[in-house]
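Below, chain A is the first sequence line, B the second, and so on; all start at residue 1.
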Amino acid sequence: MTSRFNPLQADARWQQAWDEAGTFRAVDESNRPKAYILEMFPYPSGRIHVGHARNYTMGDVLARYKRMRGFEVLHPMGWDAFGMPAENAAMERAVHPGEWTWSNIATMRGQLKRLGYAFDWSRELATCDPAYYGQEQALFLDLYEAGLVYRKSSEVNWDPVDMTVLANEQVIDGRGWRSGALVERRKLDQWFLKITDFADELLDGLGALDEWPDKVRLMQENWIGKSQGLRFRFELAEAVDGHSGFEVFTTRPDTIFGTSFAALSPDHPIALALAERDEAAAAFVAECKKGGTTAAELETQEKKGFDTGLEAVHPLDPEWRLPVYIANFVLMDYGTGAIFGVPGHDQRDFEFATKYRLPIRRVVGASREEADKPIEGEAESGDGMLVNSRFLDGMGVGEAKAVVIGRAESEGWGEGTTVWRLRDWGVSRQRYWGTPIPFIHCETCGVVPVPRAQLPVTLPQDVSFDVPGNPLERHPSWKQVDCPCCGGRARRETDTLDTFVDSSWYFIRFASQPANRPFDKAAAERWLPVDQYIGGVEHAILHLLYARFWTRALKRLGRLDVDEPFAGLFTQGMVTHETYRSVDGRWVAPDEVEVGAGGPIERATGAAVERGRIEKMSKSKRNVVDSDAIVDQYGADAARWFLLSDSPPERDLEWSEEGINGAWRFIQRLWRIATAARAGEGRDAELDRKLHQTIAAVTTNIEALSFNKAIARLYELASAVEKAPPSASRGEAAETMVRLVAPMAPHVAEEAWSALGRAGLVAEAPWPEADSALLVEEEVTIAVQVNGKLRDTLTAPKGAPRETLEEMALASEKVVRILEGKAPRKVIVVPDRLVNLVA
RNA sequence: GCGGACGUGGCGGAACGGUAGACGCUGGAGACUUAAAAUCUUCUGCCCGACAGGGCGUGCGGGUUCGAAUCCCGCCGUCCGCACCA
């Protein structure tokens, strides 16, 4: 028996053994209860780093644990393979995006395999594979037929140099992130998905997701942004260009008598009409558009308005006329694009009214007596009683809201309504490396779906990236097609789908992937929902919301009877690492730095470097730790063990040399414990108890994803086993421990399992059961407090009566000394825990 | 501005309202060794003390309680999300 565990040869051997046995292949028709464990699939950016590995290791522990518990486990892996980095690589080094992507996939797959993950590789998929995106096109057509897909003209960020549309994140200080060119706002016809049709469902559904972090549910709730209020119509005293009035939305209809102006968005049709004929209005509208939309700019931007000279008629008093402004702070795409201003009770309106010297009227106060109290400094948006509001006077805010809405509805000038922050999902991207949108534009027939028999619409291979813009647009023949309706010449849609579409249904395709349709209903329903989904919190809103929408849309279409795709969600923390910079500001990789007596120096040059902050791993800061390098040096188990042990999983983990070394030491220690298990004779009651307490604790900790705590318990057990004299108990403890560590450190566990002479794979061994009789201690330590302060501890039999404990406490020498012979005024006894003597 | 989370030794972190600091890392001392590595033993919150023991301690200030890291109120700080949403 070797004295050291050698991962270099053992890891690959066991990986091959699992592979050959098909251990992790999920069986669709299994009778066992199912467990679908999924980690967010990676973008194949190049290589696997330890941040990826942390994510997959957590999922892997659960998957392996569930398998040992007797579940049929689906734990698949694939590639979110479309996206911009591939096109950027194509531009930078003249390599085809597909070639670059597939080569990255091959590398990363190899890296993942070396980490020994229990994936069902037979279900691997890549979104850039026509076998996948062709089915996505079919689903897109399904949604189109169900009326959930539409086209509309929409503003985009247009980079005039790269001739491409930029996402908001790609616009930095108003300039394109690559070209540095000033970004223009352009109107383009774009494809949209009607996610707003599901706003209510998506909001309500959050309530049932009790295995999601509250934080994520709250973020989604805010993102959906439901507001209830009144939409009503202002008539104009005199119509302009056919506009006789306009609609506004408010959540505070109760303050209707506090209004002193109305304001239109610069994009409002009336504002645009005025700009056509009035130079000053046109200038103001143009000025509003110029302003940036970044957070910082908005914060500092002054409220500005342009008095149109128009007058709006108050709906409850035909004599009451309000000035109508065009105002820079009114958004066209929220509500109706127009507001009624109540300066007394809305901060923005307050600022605006102050600047333009409009009346600031109080209509809500703490009591009737406050009616004449002026509003000063800032608006009062709180609750209270209506004042100066005619028939509303004396009502509470809630009652007044209802009364105004009721009146508006009965008089026909408005209605109670709900407004959402959530917008429809624009899925058009003017890029090559994405799923082609399966439509054809015909001058005669309009926009026509590609016939299903012609799917998939595949991307052309012969494209070049030496000229900016969308290669699909430039391609000599790809977009030339015949109209499926009239047979005439037509043009293929050259937009591709947002990559979030690709990731909105991949978990369904993992569950079922027939060749001739997106998925099989029954097969998919067997696995879904995903029981535990694990990924970064950066996807808390978009990806998770889109996937929820997609699932509900499929349900509405009758394609899948599942409400929510992810029953359990866990958002894990990042892996961070130290950073170094040279004197001239270059980032220096930590493994190129040596720490000498005079501080850190760069090994290659001997020059001093400055230690930077501990940051999220990124290529630019050169602090990425590649998984292969770690596996080469320490083996997969040590890497996995460290990624699980050092921090709670939801928090960031700092990668450190000391940490991985500690994990390596423990893997070796484990090997020694297992292989040097001097079995011996007889029971060791104390060890038995420790073992079963550990089984119970590790089980609950894994179920709760508290891997760091599970590991702490395993360390304790390891010490106990090492210290215990030979006994039958000790042999059992060592064997059981091998099973307990198997989900986390599967290779050394298999090696030990086999060394112990156990048949089969530990990956398929049953999870140990804790004997509840052994979970309780026979003796407990009782804390003895005087006035809540710990003064002594004593040992008592478990379940000792209160009186006995009190007597024992009073007999304590220390207690006697402190009490100085006086009797305590009060005695609190918590059985098996403590005695508190109140003097 | 709105919403949320968090704040515990040198570090990562444990702790159903009941012995704060489990477990790991770092560091000290020792054993084994010709030596080193590996391994093992042991100590490691701060202060006073030779020991026994005592005092102080969970960001700060209050409160509830026999008892608070934990619950409540108010500050301070850090991080995250949203952001002119009517």
Worksheet item: Is the closest basic N to carboxylate O distance between A:E716 and A:R713 below 4.0 Å?
Response: yes
Item to complete: Ignoring hydrogens and angles, state whether a donor on the side chain of A:S719 or A:R669 is under 3.5 Å from an acceptor on the partner side chain.
Response: yes
Worksheet item: Can you list every side chain to side chain donor-acceptor pair (under 3.5 Å) pair that touches residues 781-808 of chain A, not counting sequence neighbours?
Response: A:D792-A:S812
Fill in: A:L717 and A:L740: CA distance, side-chain angles, deciding distance, side chain to side chain contact (heavy atoms under 4.5 Å, CB included) verdict
CA-CA 11 Å; A:L717 179 62; A:L740 290 175; 4.3 Å; yes
Practice prompt. Remember a base hit wins even if backbone is also touched, and classify A:L331 as base, sugar-phosphate or nothing at under 4.0 Å, heavy atoms.
Written response: base
Item to complete: Start with the C-alpha gap between A:S260 and A:R361, add the side-chain angles, then the distance that decides, and say whether side chain to side chain contact (heavy atoms under 4.5 Å, CB included) holds.
Response: CA-CA 8 Å; A:S260 49; A:R361 223 183 308 271; 4.2 Å; yes
Practice prompt. Apply salt bridge (charged side-chain N to carboxylate O under 4.0 Å, His left out) to the pair A:D346 and A:R252, showing each step before the final yes or no.
Written response: CA-CA 10 Å; A:D346 180 282; A:R252 292 295 302 274; over 6 Å; no
Worksheet item: Should the ring pair A:Y546 and A:W425 be called parallel, tilted or perpendicular, given that the plane angle runs from 0 to 90° and is split at 30 and 60?
Response: parallel
Discussion item. Taking B:C25 as the reference, what is the distance to B:C32 when you measure between their P atoms (whole Å, please)?
Written reply: 24 Å
Worksheet item: Do the rings of A:F257 and A:H314 sit parallel, tilted or perpendicular, given the 30° and 60° boundaries?
Response: parallel
Discussion item. Students often get this wrong, so: under 4.0 angstrom with heavy atoms, is A:S656 touching a base, only sugar-phosphate, or nothing?
Written reply: nothing
Response to the item:
Taken to the nearest whole Å, NZ/A:K226 to C1'/B:A86 is 18 Å
Fill in: Closest-nucleotide 5' rank along RNA chain B - winner of A:K709 and A:R713
A:K709
Discussion item. So A:N708, base contact, sugar-phosphate only, or nothing? Heavy-atom distance under 4.0 Å.
Written reply: sugar-phosphate
Worksheet entry | Distance, P atom - from B:C56 to B:A69, rounded to whole angstrom | 14 Å
Practice prompt. Calculate the interatomic distance between A:E658 atom CD and B:C23 atom P; express it in whole Å.
Written response: 20 Å
Worksheet item: Is the shortest side-chain N/O distance from A:R669 to OP1 or OP2 of B:A38 below 4.0 Å?
Response: no
Discussion item. It should be established whether A:Y715 places a side-chain nitrogen or oxygen under 4.0 Å from OP1 or OP2 of nucleotide B:G24.
Written reply: no
Fill in: C1'-based separation of B:C11 from B:C16 [nearest Å]
28 Å
Worksheet entry | Under the side chain to side chain contact (heavy atoms under 4.5 Å, CB included) test, residues paired with A:L8 that sit two or more places apart | A:N6
For residues 656-667 of chain A, please give each side-chain donor-acceptor pair under 3.5 Å, one per line with the distance, not counting sequence neighbours.
unit_1, atom_1, unit_2, atom_2, d
A:S656, OG, A:G659, N, 3.0
A:E657, OE2, A:Y634, OH, 3.0
A:N661, ND2, A:E657, O, 3.1

Discussion item. Counting the atoms with a prime plus P, OP1 and OP2 as sugar-phosphate, which does A:R423 contact under 4.0 Å by heavy atoms, base, sugar-phosphate, or nothing?
Written reply: base
Response to the item:
Taking B:C40, B:C82, B:C84 as options, the one with an atom nearest any side-chain atom of A:R672 is B:C40
Item to complete: Would you mind reading off the distance between A:Q668 atom CD and B:C40 atom P, rounded to a whole angstrom?
Response: 11 Å
Practice prompt. Tell me what A:F249 touches on the nucleic acid: a base, only sugar-phosphate, or nothing, going by heavy atoms under 4.0 Å.
Written response: base
Worksheet item: Checking all strands, does A:V330 fall into the base, sugar-phosphate, or nothing category for heavy-atom contacts under 4.0 angstrom?
Response: base
Collect all protein-nucleotide pairs involving nucleotides 7-12 of chain B in which both atoms are nitrogen or oxygen and the distance is under 3.5 Å.
unit_1, atom_1, unit_2, atom_2, d
B:G12, O2', A:D646, O, 2.6
B:G12, O2', A:S647, OG, 3.0

Item to complete: For A:D214 and B:G3, give me the distance from atom CG to atom C1', rounded to whole Å.
Response: 13 Å
Item to complete: Measure from CD on A:E221 to C1' on B:C82 and round the result to the nearest Å.
Response: 13 Å
Worksheet entry | Interatomic distance at C1', B:C82 relative to B:A68, whole Å | 35 Å
Worksheet item: Would you call B:G63 syn or anti, using the 90° rule around 0?
Response: anti
Discussion item. What is the distance, to the nearest angstrom, from the CG atom on A:L670 to the C1' atom on B:G24?
Written reply: 15 Å
Item to complete: Salt-bridge test for A:K303 and A:D349: reply yes if a basic N is under 4.0 Å from a carboxylate O, no otherwise.
Response: no
Worksheet item: If only side-chain N and O atoms of A:R665 are considered, is one of them under 4.0 Å from the OP1 or OP2 phosphate oxygen of B:U26?
Response: yes
Item to complete: Between B:C46 and B:A38, how far apart are the P atoms? Round to whole Å, please.
Response: 26 Å
Fill in: Distance in angstrom units between A:D349 CG and B:G1 P, rounded
19 Å
Discussion item. Can you tell me if A:R791 touches the phosphate of B:U19, counting only side-chain N or O atoms and a distance under 4.0 Å to OP1 or OP2?
Written reply: no
Fill in: Span that lies between the C1' atom of B:U39 and that of B:G17, in whole angstrom
43 Å
Worksheet item: Rounded to whole angstrom units, what separation is found between the NZ atom of A:K789 and the P atom of B:C56?
Response: 4 Å
Below 3.5 Å is the cut-off: list the nitrogen or oxygen pairs between protein and nucleotides 65-68 of chain B, distance only.
unit_1, atom_1, unit_2, atom_2, d
B:C66, O2', A:N836, ND2, 3.3
B:C66, O2, A:N836, ND2, 2.6

Distances under 3.5 Å between nitrogen or oxygen atoms of protein and nucleotides 30-32 of chain B:
none

Fill in: Between B:A20 and B:U8 - C1' atom distance, rounded Å
8 Å
